[in-house]
Protein chains: 2
Amino acid sequence: MKRAPSSPLDPAALADRLKVLAEPRRLRILNLLMEGVQCNCELGDALEMAPNLISHHLSVLRQAGLVDVTRDAVDARWIYYAINRPALDELNAVFGAFFDAARIQPRHPACGPQGALVRVTEIAIAPK
Amino acid sequence: MKRAPSSPLDPAALADRLKVLAEPRRLRILNLLMEGVQCNCELGDALEMAPNLISHHLSVLRQAGLVDVTRDAVDARWIYYAINRPALDELNAVFGAFFDAARIQPRHPACGPQGALVRVTEIAIAPK
DNA sequence: GAAGTAATTCAACGACGGTTGAAGTATATC
DNA sequence: GATATACTTCAACCGTCGTTGAATTACTTC
């Protein structure tokens with residue numbers, strides 16, 4: 001049942017993470033949470049969304065580990081949401097590692113006329 | 001026809017950008033392009049995808065400005081693809097700006113029992 | 001325990017988008 | 001000009017996922 005240890009550059013794993021973020025309403029929720037807003041009702045007011053919709057998107061964000069949930073100590077009917085900062089840090093790290101411009105290698109086409117030229121050149125330069 | 005100038009923190013605009021990236025095969029293509037692979041045929045071999053599928057995903061990446069296209073000077077049937085480095089840099093900048101952990105504000109619930117407490121506290125501290 | 005409130009879960013709908021095979025375009029070669 | 005090659009475009013299918021309204025859970029108050 002163990003999955004292969006996914007490298008930080010694993011496209012499938014990164015795509016799954018980005019799917020969670022590629023949604024306008026979820027980004028708006030994250031945006032408000034980062035600004036300190038917390039309860040479902042206030043999110044609903046600010047975003048003009050039905051509470052069940054907010055619940056749905058919050059559960060997606062929660063399953064992705066990006067949002068933490070806390071019940072009110074006085075009245076447990078109220079639930080507060082907050083950004084999971086370590087998850088956010090890791091997200092930035094993974095994203096930055098994948099799309100790091102320093103990873104871009106110079107062109108070396110392996111097929112087509114230029115590929116043939118390159119191969120000839122490489123052989124000429126490094127005949128060994 | 002001009003769209004409102006979208007701030008770098010505009011959720012809708014960012015979601016559109018992320019939708020392009022939230023796709024495993026497109027990430028694999030980007031990955032290979034960053035490693036210097038260029039022609040459609042080699043992408044097809046490496047990813048075991050039909051050429052028309054690669055074409056499709058490349059067009060999405062091209063429309064997003066992430067990939068540049070060049071025809072071979074000798075034999076124009078061959079087309080080479082390359083990462084658009086400035087676009088990649090801007091992508092990192094926008095992503096980093098939105099998900100910047102420094103943007104996280106301390107909690108200040110505006111409703112619920114804690115919200116009431118906070119409001120009372122704020123009034124007590126700053127009665128003006 | 002009954003009623004009320006905050007939030008979640010469920011089931012069904014509908015649209016967006018990735019996939020597929022076939023047709024089409026552009027360019028080169030014979 | 002006919003054939004071949006590299007790639008793109010088209011049309012159709014189908015699964016996924018966001019949305020919606022209703023039902024349900026969890027908790028508090030009367």
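Residue numbering restarts at 1 for every chain, and letters A, B, ... go by the order of the sequence lines. Keep in mind that the numbers below use all heavy atoms, side chains included, and drop hydrogens, waters and symmetry copies. Note that the coordinates shown come from a computational prediction; the quantities given were computed from them, not determined experimentally.
Listed by chain and number, the residues in a side-chain hydrogen bond (donor to acceptor under 3.5 Å, both in side chains) with Arg26(B) are His57(B) (sequence neighbours excluded). Partners of Asn31(A) according to the side-chain hydrogen bond (donor to acceptor under 3.5 Å, both in side chains) rule, which considers only residues two or more places apart in sequence or in another chain, are Arg103(B). Every salt bridge (Lys or Arg N to Asp or Glu O under 4.0 Å) that Arg77(A) has, sequence neighbours left out, goes to Asp75(A). A search for ring pair (Phe, Tyr, Trp, His ring centres under 6.0 Å) contacts involving Phe95(A) returns Phe99(A), Phe95(B), not counting sequence neighbours. When the side-chain hydrogen bond (donor to acceptor under 3.5 Å, both in side chains) test is applied to His56(A), no partner is found at least two apart in sequence or on another chain. Here Arg17(A) pairs with Glu90(A) under the side-chain hydrogen bond (donor to acceptor under 3.5 Å, both in side chains) rule; sequence neighbours left out. In terms of the side-chain contact (heavy atoms from CB on, under 4.5 Å) criterion, residue partners of Arg85(B) (sequence neighbours excluded) are, by chain and number, Ala101(A), Ile104(A), Asp89(B). For Ile79(B), the side-chain contact (heavy atoms from CB on, under 4.5 Å) partners at least two apart in sequence or on another chain are Val69(B), Arg71(B), Tyr81(B).
Atom-to-atom, CG of Asp72(A) to P of dA26(D) comes out at 18 Å; the value is rounded to the nearest Å. Atom P of nucleotide dA6(D) and atom OH of Tyr80(B) are separated by 11 Å, given to the nearest angstrom. Distance CH2 (Trp78(A)) to P (dG4(C)): 17 Å, rounded to an integer number of Å. The nearest whole Å value for the distance from the CD atom in Glu48(B) to the P atom in dT19(C) is 14 Å. Atom CG of Asp45(B) is separated from atom P of dC7(D) by 11 Å (rounded to the nearest Å). The interatomic distance linking Met49(A) (CE) with dG21(D) (P) rounds to 13 Å, in whole Å. Between the CD1 atom of Ile79(A) and the P atom of dT25(D) there is a distance of 16 Å, given to the nearest Å. At whole-Å resolution of the value, CD in Glu42(A) and P in dA7(C) are 11 Å apart.
Screening residues 45-69 of chain B for salt bridge (charged side-chain N to carboxylate O under 4.0 Å, His left out), with sequence neighbours left out, gives no hits.
Residues from residues 19-35 of chain A that place a heavy atom under 4.0 Å from any atom of DNA chain C: there are none. Contacts between residues 56-64 of chain A and DNA chain D, counted as heavy-atom distances below 4.0 Å, involve His56(A), His57(A).
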Would you list the protein and nucleotides 22-27 of chain C atom pairs, both N or O, that sit under 3.5 Å from each other?
unit_1: dA22(C); atom_1: N6; unit_2: Asn52(B); atom_2: ND2; d: 3.4

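Residues Asn92(B) and Asp100(A) have side chains not in contact (no heavy-atom distance under 4.5 Å, counting atoms from C-beta outward).
In this structure, CG in Leu43(B) is found 6.0 Å from CG in Leu32(B), a value given to the nearest 0.5 Å.
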